[in-house]
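To find a chain, count down the sequence lines: A is the first, B the second, and so on, and within it residues start at 1. All heavy atoms count here, side chains included; hydrogens, waters and symmetry mates do not.
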2 protein chains.
Amino acid sequence: MGITDRKEREKQEMRKLIINAAMEMFITEGFDKTSIRNIADKIEYSPATIYLYYKDKDELLYEVQGQAFLELYNAFLKDVTATDPLERLDQLLHSYVNFGFEHPDLYDLMFILRSPMKATEENGWPNCDEAYHYLTGTLETCIDQLRYENAHIAALSIWALGHGLVSLFIRERIKVMHLPDDQVRNVVKATVDDHLRLIKK
Amino acid sequence: MGITDRKEREKQEMRKLIINAAMEMFITEGFDKTSIRNIADKIEYSPATIYLYYKDKDELLYEVQGQAFLELYNAFLKDVTATDPLERLDQLLHSYVNFGFEHPDLYDLMFILRSPMKATEENGWPNCDEAYHYLTGTLETCIDQLRYENAHIAALSIWALGHGLVSLFIRERIKVMHLPDDQVRNVVKATVDDHLRLIKK
DNA sequence: AAACTTACTAAACAGTGTTCAGTAAATAAA
DNA sequence: TTTATTTACTGAACACTGTTTAGTAAGTTT
């Protein structure tokens, strides 16, 4: 039946329309400051319509986060170009931290905002495992050249360092270090480099 | 004039009453889910009264954060008991991470929530510099026994690792590692220990 | 052409942070 | 002691928020 097909297609297009508007506003205005009414205005529908396609505002967040994890994964693909495993690890961590500094609002959504209910129900987000496995996969190829006790600790340590640096910056806690504004990015980069140096055999 | 003294005292008592109620509710219910009306109900005053003592909800947050930094500082004083500088550094990082796991809601307020306006205006929070200098001070005494390039990098690296671990846990992102629930705390501890091992000469 | 289904919305509900006019009590001045 | 003034407080309102529901108009099927 062609009509049901078209209906289904239109439904998916509507979902996309909503998500695209939501994503743009979440990034430019922030999640909290974006209201359902704002999104509805943008796409020229009534607020109630959004609830016909998504359960609540949290589900909108969940969907946008999934999109964002794909963008992070694509950043990895773009930045991690070396063949040497250790060099790939360097590029990966730099890519992660760079993503956070280049897209702070997106990073905020993905890693700092409270997890939406659906993420706990579904055991994660779309595209999130792929991004995480990029790290564990890279580590597997060079874990014997690293000083870490095991691969779990290696993954967590590297992720925690990267996430710590980015989130201390985004949430402005790094300011208590009283570094000159134009030096922050450099010190963070140097910290990443130093960490990468210390973990190698 | 005794009356103005008493008035001033009463004013400070009222501020304390409000802050104590706010802190308790921020911790048990979370900042977002605590409304000015909730706080007002708790202390049996009208919501408008709170605005006679604090500019807005953000200033309430700022004040509670100041209190919380003092509690962190006191945790340091309690936990960092060794005399050997390197051992003190170990104890300090463990104390920090432990504070985050023991008081996740307090930690959330202090390090994960967006910075209130007043923190940028006043260049930080009450008691925050003291807590931070506990780290830099400890590092000064053993920086020559560490492999870090310099003290700035050492401080940022250690803080970022600790903060990364705690905040990945609190905001539930650590779940993508698919560790058994009862193992998370152990793996985090092991990661801290491993990091402390790797940074030493 | 009538019956049914789908897509949508206006309006309402219960909540939020915040402001302001008005009141009652405490203090100061007469 | 009485009057004037200052202080401390609040009820009600404003402009928002996420979300639900009853009702409508158009599209589709019979």
Side-chain angles (χ1 to χ4, degrees), chain A residues 1-19 21-23 25-26 28-65 109 113-119, chain B residues 1-19 21-23 25-26 28-65 109 113-119:
Chain A
M1 177 57 87
I3 284 178
T4 34
D5 284 0
R6 175 174 56 80
K7 285 277 165 84
E8 179 58 29
R9 219 169 46 237
E10 284 173 352
K11 190 169 180 172
Q12 292 308 321
E13 275 167 26
M14 189 62 169
R15 283 177 65 94
K16 196 102 198 162
L17 183 70
I18 294 168
I19 281 299
M23 186 157 194
M25 302 198 74
F26 287 172
T28 55
E29 311 290 330
F31 177 72
D32 282 339
K33 281 180 184 162
T34 302
S35 72
I36 300 289
R37 282 172 181 82
N38 293 156
I39 300 172
D41 280 355
K42 193 179 183 80
I43 60 174
E44 294 177 296
Y45 280 87
S46 91
T49 301
I50 291 175
Y51 286 90
L52 299 174
Y53 294 87
Y54 293 97
K55 190 176 138 285
D56 53 24
K57 201 187 173 189
D58 248 39
E59 197 174 307
L60 243 42
L61 173 61
Y62 178 78
E63 220 79 6
V64 169
Q65 284 170 328
L109 283 185
L113 236 57
R114 91 210 173 307
S115 286
M117 272 311 297
K118 201 166 176 178
Chain B
M1 177 56 88
I3 285 178
T4 36
D5 283 1
R6 175 173 56 81
K7 284 277 166 84
E8 179 59 28
R9 220 168 48 235
E10 283 172 353
K11 191 171 181 174
Q12 291 309 320
E13 274 166 27
M14 188 64 168
R15 284 176 65 94
K16 196 102 198 163
L17 183 71
I18 294 169
I19 282 299
M23 185 158 195
M25 303 198 72
F26 287 172
T28 55
E29 311 290 330
F31 178 73
D32 281 339
K33 282 181 183 162
T34 302
S35 72
I36 299 290
R37 283 172 180 80
N38 295 155
I39 300 172
D41 280 356
K42 194 178 182 80
I43 60 173
E44 296 178 294
Y45 281 86
S46 93
T49 301
I50 292 175
Y51 287 88
L52 299 173
Y53 294 88
Y54 292 98
K55 194 177 134 281
D56 52 24
K57 201 187 172 189
D58 248 38
E59 198 173 305
L60 243 41
L61 173 61
Y62 178 77
E63 219 78 6
V64 169
Q65 285 170 327
L109 284 184
L113 235 57
R114 91 210 174 307
S115 284
M117 272 312 297
K118 200 165 179 181

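- The pair D32(A)-K57(A) fails the salt-bridge criterion, with no side-chain N (NZ, NE, NH1 or NH2) lying under 4.0 Å from an Asp/Glu carboxylate O.
- At the phosphate of dA10(C), neither OP1 nor OP2 sits under 4.0 Å from any side-chain N or O atom of S46(A).
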Working for side chain to side chain contact (heavy atoms under 4.5 Å, CB included), residues K33(A) and T28(A): CA-CA 10 Å; K33(A) 281 180 184 162; T28(A) 55; over 6 Å; no
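- Using a 4.5 Å heavy-atom cutoff, the side chains of F26(A) and Q65(A) are not in contact.
- Atom CD1 of I19(A) and atom CD of E63(A) lie 5.0 Å apart (nearest 0.5 Å).
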Base-contact (B) and sugar-phosphate-only (S) positions in nucleotides 15-21 of chain C, heavy-atom cut-off under 4.0 Å, - elsewhere: -BBBBB-
Give every donor-acceptor pair under 3.5 Å between a side-chain atom in residues 39-48 of chain B and any protein atom, sequence neighbours left out.
unit_1: K42(B); atom_1: NZ; unit_2: E24(B); atom_2: OE2; d: 3.3
unit_1: S46(B); atom_1: OG; unit_2: A48(B); atom_2: N; d: 3.3
unit_1: S46(B); atom_1: OG; unit_2: T49(B); atom_2: OG1; d: 3.4

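- If you measure from atom CG of L52(A) to atom C1' of dT19(D), you get 12 Å, rounded to the nearest angstrom.
- In this structure, Y54(A) places its OH atom 17 Å from C1' of dG18(D), rounding to the nearest Å.
- Side-chain atoms of E29(B) and N38(B), non-hydrogen and from C-beta on, never get closer than 4.5 Å to each other.
- Rounded to whole angstrom, the span from the CZ atom of R9(A) across to the P atom of dT6(C) amounts to 18 Å.
- Under a 3.5 Å cut-off, the side chain of Y54(A) and the backbone N or O of R15(A) do form a donor-acceptor pair.
- Rounded to whole Å, the distance from CD1 on I50(A) to P on dC8(C) is 12 Å.
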From CA spacing to verdict: side chain to side chain contact (heavy atoms under 4.5 Å, CB included), K16(B), Q12(B): CA-CA 6 Å; K16(B) 196 102 198 163; Q12(B) 291 309 320; over 6 Å; no
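- Axis angle across the helix from dA1(C)-dT30(D) to dA29(C)-dT2(D), with five pairs used at each end and values rounded to 10°: 20°.
- The residue Y53(A) sits close only to the backbone: its heavy atoms come under 4.0 Å of sugar-phosphate atoms, none of a base.
- For the pair L61(A) and R114(A), the minimum side-chain heavy-atom distance is below 4.5 Å.
- Y45(B) has no side-chain polar atom (N or O) that falls below the 4.0 Å cut-off from OP1 or OP2 of dT10(D).
- Note: CD (E44(B)) to C1' (dC9(D)) measures 15 Å, nearest angstrom.
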